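The basis for the numbers below is simple: all heavy atoms, side chains too, and nothing from hydrogens, waters or symmetry mates. Here is the naming used below: chain letters follow the sequence lines, and residue numbers restart at 1 for every chain. From a predicted model like this one, the values you see are computed outputs, not experimental measurements.
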Amino acid sequence: MINPVPRVRFAPSPTGYLHVGGLRTALYNYLFAKNCGGQFILRIEDTDRNRYVEGAVVKLIEALKWVNIDYDEGPDKNGNYGPYMQSERLDIYKKYALELVEKKHAYYCFCTPERLQSLKEEQQRQKMPQAKYDKHCLHLTKEEIDNNLKSGMNYVIRLNVTEGDKISFQDIVRDRVEFDRENIDDQVLIKSDGYPTYHLANVVDDHLMKITHVIRGEEWLSSTPKHILLYNYFGWEKPVFAHLPLLLNPDRSKLSKRQGDVAVEDYKDKGYLKEALINFVALLGWSAGDNQEIYCIEELIKKFSLERVNKSGAVFDQDKLKWLNEIHLRSKPDNEIIPIIRETLKNNSFDERIFSDEYLGKIIVSMKERVSFPQEYVLNCRYFYEAPVEYDKETATKRWKEDSAKLMQKLIDEIEKLDNPEKHDYENALATASEITGSGKGNFIHPLRLSVSGTGSGPGVYDILDIIGKDETIKRIKKAIAVFS
RNA sequence: GGCCCGUUAGUGUAACUGGUUAACACGUUGCCCUUUCACGGCAAAGAGUACGGGUUCGAGUCCCGUACGGGUCACCA
């Protein structure tokens with residue numbers, strides 16, 4: 001082992017949002033680090049200038065902050081191995097690339113994009129199994145190279161893959177993986193704009209930053225032999241690799257935007273809790289081996305191990321995520337839910353200031369088992385915030401009968417007698433009205449619910465009455481009588 | 001197409017170094033609770049472990065082949 005303290009890293013390229021697959025990778029890195037008392041580093045792989053997105057790094061960091069995946073070192077958190085933005089490390093990559101050129105493990109290439117293009121087409125025409133660079137520039141003389149360089153020709157630096165033994169490595173999740181060298185292309189290491197490619201940058205940085213375990217998505221598996229070669233050529237000790245299975249769409253293709261939301265921001269906006277998202281994503285490709293499904297982050301840290309990570313891709317199942325959201329939402333204390341309710345009220349043009357915390361607290365109690373998302377504390381029970389503006393048609397025809405108006409009037413009479421009523425007082429009032437009229441309770445309960453809520457479902461009627469209060473109850477029943485007569 | 005990886009109910013997973021009717025959760029369906037809805041409780045349907053061979057007294061677990069799926073083959077990460 002290079003270093004007694006494990007160091008891992010999450011190395012996303014800044015695309016403008018955090019992909020849930022990236023979240024899972026970040027999470028596993030984080031869990032692994034925390035589990036073994038190691039360090040977790042955030043490194044930004046921004047070496048593609050064509051893909052530069054304004055503000056992308058900030059959004060990425062915000063997303064990680066939101067889910068509470070905290071890193072020990074990163075762009076905005078100084079460590080001893082910075083800078084943590086690859087675009088700020090150009091000199092370093094150049095230096096190491098030249099070292100490789102010096103050792104003949106890399107070489108200058110002056111081929112034009114046009115030649116590369118026609119080479120590729122030619123190879124395809126000949127039905128070669130795989131298009132590969134033909135090492136044309138490997139055979140340039142020292143003079144030719146110097147002249148080209150001096151005349152300011154565009155160039156790249158390529159990895160010189162020589163013939164030899166198979167390249168194999170141990171992967172924690174996949175065990176031993178083997179590649180033939182003839183299938184490995186002379187990968188560009190330094191691009192003509194002076195920026196490194198991923199392959200060079202990630203190897204150099206992982207070495208310099210003393211990364212011990214490379215935990216990343218399976219899409220990197222086939223370029224790992226190039227990285228192995230680089231470690232060998234530099235004479236550096238290799239990190240341990242762990243390639244995580246992919247996250248998939250319901251049709252088992254790689255999780256993509258077309259088939260649903262992929263950005264953690266999307267899930268946040270929809271009302272998913274970070275606890276639920278983390279819990280869910282942790283279980284996509286990993287399990288502790290017991291039957292536990294509900295986890296908090298501390299338990300995940302305690303139980304996580306790379307050895308128990310699965311090999312096969314996992315479908316991102318929205319139904320299960322929703323279920324987990326319900327579970328985590330129910331265990332959230334009121335003081336965390338109330339601000340969200342107020343926010344939702346504001347967004348739905350209610351004046352949230354007229355509702356006390358105590359009032360909202362009562363709504364939470366009555367709705368807790370009936371919501372999947374926090375905003376449903378408003379959207380699924382607007383009747384707690386305003387009198388029903390319309391009545392559910394189906395419920396009305398089913399529940400408002402011939403004699404309902406008469407019975408409701410009788411109920412009003414009973415409720416009016418109440419002084420500072422509590423929940424059971426309403427219940428008694430209804431029972432009395434039922435007794436006097438000789439009509440069953442159901443003939444009261446259902447039209448009553450319709451009157452006060454406009455719907456046929458929701459919390460118990462007496463709970464609703466207790467929350468909206470006596471005066472509002474009477475007012476709403478009167479209105480319903482008027483509407484349905 | 002080449003290379004690499006994978007394959008246990010619809011979905012996510014379990015099944016220690018091969019050992020009884022393949023387990024749990026989500027989802028689905030039904031019943032109970034509740035004069036509503038939901039929660040909760042109970043139950044059911046749903047895979048014989050992609051398929052085919054082998055090894056073995058015995059295989060989801062080991063070996064081989066086939067099929068299917070995915071990833072990757074850039075001066076993108």
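A donor and an acceptor atom never sit less than 3.5 Å apart when one is taken from the side chain of Glu218(A) and the other from the base of G6(B).
G48(B) takes the syn form, because its glycosidic angle lies no more than 90° either side of 0.
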Would Tyr233(A) and Asn160(A) satisfy side-chain contact (heavy atoms from CB on, under 4.5 Å), going step by step from the backbone distance to the final call?
CA-CA 10 Å; Tyr233(A) 289 161; Asn160(A) 183 17; 5.8 Å; no
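With rounding to whole Å, His199(A) atom NE2 is found 7 Å from C73(B) atom P. Nucleotide A77(B) holds its C1' atom 10 Å from the CG atom of Asn202(A), rounded to whole Å.
Qualifying side-chain contact (heavy atoms from CB on, under 4.5 Å) partners for Glu299(A), counting only residues two or more places apart in sequence or in other chains: Gln292(A), Tyr295(A), Cys296(A).
Nucleic acid contact for Pro196(A): sugar-phosphate only, since backbone atoms but no base atoms lie under 4.0 Å from a heavy atom of the residue. Residue-level contact check: Glu293(A) touches the bases, meaning some heavy atom is under 4.0 Å from a base atom.
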Applying the Watson-Crick and G-U criteria (both distances under 3.5 angstrom) with [ ] for crossing and | for other-strand pairs, one obtains for RNA chain B (((((((..((((.....[...)))).(((((.......))))).....(((((..]....))))))))))))....
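When all heavy atoms of Ala276(A) and His328(A) are compared, the closest pair comes out as CA-CD2, 3.7 Å.
With C75(B), C26(B), G71(B) as the choices, the nucleotide that has an atom nearest any side-chain atom of Asp317(A) turns out to be C26(B).
The phosphate of U11(B) (OP1 or OP2) has a side-chain N or O of Arg252(A) nearer than 4.0 angstrom. Contact annotation: Lys322(A) side-chain N/O to A25(B) OP1/OP2 distance is not under 4.0 Å.
A donor-acceptor contact shorter than 3.5 Å links the side chain of Arg449(A) to the backbone of Pro459(A).
Within the structure, the side-chain hydrogen bond (donor to acceptor under 3.5 Å, both in side chains) test picks out no pair touching residues 10-27 of chain A (sequence neighbours left out).
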